Asker: 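This is the structure I have questions about; it appears just below.
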Amino acid sequence: MAQIRRVTVVGAGTMGHGIAHVAAAAGFEVAVHDVSETAIARGLAAIRADLERGVERGKVAPDERDRALARLAPAPDLEAAAAGSDLVIEAVPESLALKADVFRRIDGAAPVHAVLATNTSSQSVGTIAAATSRPQRVVGMHFFNPVHLMPLVEIVRGGATAEDTLETALAVGQALGKETIVVRDVPGFATSRLGVALGLEAMRMLEQGVASAEDIDRAMTLGYRHPMGPLRLTDLVGLDVRLAIAEHLWAELASEVFRPPEILRRKVAEGRLGKKTGEGFYRW
Ligand code: NAD
């Protein structure tokens, strides 16, 4: 298993800044890269704010906050940051072409021992790995938002991922204080496949008048102890985001379970995208 001390996070957005946060808090030296220096600054400021909130709530000691912040460095030059890293975690937008390009550049600069991880939520880890000269060192590390609060990392084993690489990813996940699961490189991995199936079935039940949105959600919160019902969760994720994932899984898995229900298509076409637009399955 590779010794990991220095980590580069590529993409300082919603997920990247969260990953950098937990890595620095866990004692890794973390370089934070993004295409824009403004995005790096914004990401670092968001980490500082999250750590401050932790201190206010008594969850983070002030010296832990200070030590975590001291382990974070802005890295405007991707190649320079990758060259000094044992692990690079990519969290750029969900485009295969973009991720392949970023991996090609990281591969050209990172030392041979370095493990390259992607936080993709739907793309094939194997296809991303094929853009590099070291597919055996490439693995999926799928975090959840907000990263510093969500306990899971889904570790995705690509077709070429070496055992040693998988063990490194598992060890890093545990060092970050997360629970890990290992999933084969299939569309939707474990989390999206199950979560989206539940959400789509809830929509079909709503369409068929089985129960109201509130009662379908209460069936799962009260009957199955889910922290949130599937329709309310869809409102938070965004109906457009869910529709795109459903389309992708429907095409890739060729299963009618993932055929997007009419009600979902209609609401998206009407711009009722959930909490972000004020209305989805609920009014916000
Ligand atoms: P985001 O848009 O918040 O952040 C992406 C960041 O990448 C931006 O700051 C952008 O400037 C930067 N970027 C764009 N091109 C770049 C490049 N060539 N090099 C370096 N940086 C670049 O996106 P996000 O929500 O953080 O998603 C990132 C990845 O994480 C995606 O693959 C997404 O599917 C996955 N993911 C997202 C969530 C979620 O809930 N948001 C959950 C799990 C996984």
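Please read these numbers as outputs of a predicted model, since none were measured by experiment. Counting convention: from 1, in listed order, for ligands and their atoms alike. Both backbone and side-chain heavy atoms feed into the values below; hydrogens, waters and symmetry mates do not. Positions are given from 1 along the sequence.
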Asker: So with a 6.0 Å cut-off around NZ of Lys276, is the heavy-atom count from everything else above 12?
Answerer: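 Check passes, neighbour count above 12.
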Asker: Provide, to 0.1 Å, the distance between atom 23 (O) of ligand 1 and the closest protein heavy atom, together with that atom's residue and name.
Answerer: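 For this ligand atom, the closest protein heavy atom is Thr14 N, 4.6 Å.
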Asker: Below 3.5 Å, N or O to N or O, backbone or side chain included: is there any such pair between Asp34 and ligand 1?
Answerer: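 There is such a contact, yes.
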Asker: Quick one: look up the protein heavy atom nearest atom 4 (O) of ligand 1 and list residue, atom name and how far away it is.
Answerer: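 Looking only at protein heavy atoms, the one closest to atom 4 (O) of ligand 1 is Gly13 CA, 3.3 Å.
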Asker: Against the six-membered ring of Phe281, is Lys267 placed for a cation-pi contact (under 6.0 Å from the centre, within 45° of the normal)?
Answerer: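 Yes, a cation-pi geometry.
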Asker: Under 4.0 Å, heavy-atom basis, I'd like to know which part of Leu78 is in contact with ligand 1: side chain, backbone, both or neither.
Answerer: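 Within the 4.0 Å criterion, Leu78 makes no contact with ligand 1.
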Asker: Please classify the Val35 to ligand 1 contact at 4.0 Å (heavy-atom distances, strictly less than): side chain, backbone, both or neither.
Answerer: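 Both of them.
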Asker: When you check the gap from the basic side-chain N to the acidic O, do Glu29 and Arg5 get nearer than 4.0 Å?
Answerer: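 Result for this pair is no, no salt bridge flagged.
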Asker: Considering only heavy atoms from C-beta outward, does the side chain of Leu96 approach that of Thr127 to under 4.5 Å?
Answerer: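 Yes, close enough: below the 4.5 Å cut-off.
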Asker: Please list, in number order, the atoms of ligand 1 under 4.0 Å from a heavy atom of Gly11.
Answerer: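 Contacts of ligand 1 toward Gly11, numbered from 1: 7 (O), 21 (N).
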Asker: Check whether the side chains of Gln136 and Thr165 place a donor and an acceptor atom closer than 3.5 Å, and report yes or no.
Answerer: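 Not at all, the side chains of Gln136 and Thr165 share no donor-acceptor pair under 3.5 Å.
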Asker: Identify the closest protein heavy atom to atom 40 (O) of ligand 1: which residue and atom is it, and at what distance?
Answerer: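 For atom 40 (O) of ligand 1, the nearest protein heavy atom is Asn145 CB, 3.4 Å.
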Asker: What residue and heavy atom of the protein are closest to atom 32 (O) of ligand 1, and at what distance?
Answerer: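 Residue, atom and distance for the closest contact: Glu94 OE1, 2.4 Å.
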Asker: State, without any angle test, whether Thr118 and Gln123 hold a side-chain donor-acceptor pair at a distance under 3.5 Å.
Answerer: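 Thr118 vs Gln123: no donor-acceptor pair found between side chains.
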Asker: Using a strict 4.0 Å cut-off to heavy atoms of His33, name the atoms of ligand 1 that fall inside it.
Answerer: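 Atoms satisfying the 4.0 Å criterion: 20 (C).
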Asker: Between Val102 and ligand 1, find which residue part has any heavy-atom pair under 4.0 Å and reply side chain, backbone, both or neither.
Answerer: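 Side chain only.
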Asker: Do any heavy atoms of Ala91 fall under 4.0 Å from ligand 1?
Answerer: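 Distance cut 4.0 Å: Ala91 passes for ligand 1.
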Asker: Please give me the minimum heavy-atom distance between Ala246 and Pro260, naming the atom from each residue.
Answerer: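 Looking at all heavy atoms of both residues, the shortest contact is CB-CG, 4.2 Å.
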Asker: Counting only heavy atoms, which portion of Phe143 has something under 4.0 Å from ligand 1: side chain, backbone, both, or neither?
Answerer: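 For Phe143, only backbone atoms sit under 4.0 Å from ligand 1.
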Asker: Identify the protein heavy atom lying closest to atom 35 (C) of ligand 1, giving its residue, its atom name and the separation to 0.1 Å.
Answerer: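 The closest heavy atom on the protein side is Asn119 O, 3.4 Å.
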Asker: Check each heavy atom of Lys99 against ligand 1 and say whether those closer than 4.0 Å belong to the side chain, the backbone, both or neither.
Answerer: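 It is the side chain that touches ligand 1; the backbone stays farther off.
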Asker: Give yes if a backbone or side-chain nitrogen or oxygen of Ser121 is under 3.5 Å from a nitrogen or oxygen of ligand 1, and no if not.
Answerer: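 In this structure, Ser121 places an N or O atom under 3.5 Å from an N or O of ligand 1.
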Asker: Around atom CD of Glu270, are there more than 12 heavy atoms from other residues, nucleotides or ligands closer than 6.0 Å?
Answerer: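 Yes - once you tally the heavy atoms of other residues, nucleotides and ligands closer than 6.0 Å, there are more than 12.
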Asker: To check you understand the geometry: which heavy-atom pair defines the closest contact between Glu256 and Trp250, and what is its length?
Answerer: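 It is OE2-NE1, 3.4 Å.
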Asker: Examine the side chains of Asn119 and His142 and answer whether a donor and an acceptor come within less than 3.5 Å of each other.
Answerer: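 No pair is found: no donor N or O on one side chain lies under 3.5 Å from an acceptor on the other.
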Asker: Please work out whether any backbone atom (N, CA, C, O) or any side-chain heavy atom from C-beta onward of Leu98 is under 4.0 Å from ligand 1, and answer side chain, backbone, both or neither.
Answerer: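 Looking at Leu98 and ligand 1, just side chain atoms fall under 4.0 Å.
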Asker: Would you say the side chains of Ser133 and Asp107 form a donor-acceptor pair under 3.5 Å?
Answerer: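 The answer is yes; a qualifying pair exists.
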Asker: Scan side-chain atoms only and decide if Arg6 and Ser85 contain a donor-acceptor pair under the 3.5 Å cut-off.
Answerer: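 Per modelled atom types, Arg6 and Ser85 side chains form no pair under 3.5 Å.
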Asker: Should you measure from each heavy atom of Val10, which atoms of ligand 1 turn up under 4.0 Å away?
Answerer: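 It comes down to these atoms of ligand 1: 20 (C).
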Asker: So between Thr120, Val241, Val9, Val92, whose heavy atom ends up nearest atom 31 (C) of ligand 1?
Answerer: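 Checking each option, the heavy atom nearest atom 31 (C) of ligand 1 is found in Val92.
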Asker: State plainly whether the residues Arg67 and Glu64 are in salt-bridge range, i.e. N to O under 4.0 Å.
Answerer: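 Looking at Arg67 and Glu64, the cut-off is not met.
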Asker: Which of the numbered atoms in ligand 1 are below 4.0 angstrom from a heavy atom of His142?
Answerer: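 In order of number, 43 (C), 44 (C).
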Asker: Does any N/O atom on Pro93 come nearer than 3.5 Å to any N/O atom on ligand 1?
Answerer: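 It does not: no N or O of Pro93 is found under 3.5 Å from an N or O of ligand 1.
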Asker: Identify the protein heavy atom lying closest to atom 24 (P) of ligand 1, giving its residue, its atom name and the separation to 0.1 Å.
Answerer: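 Residue, atom and distance for the closest contact: Met15 CG, 3.9 Å.
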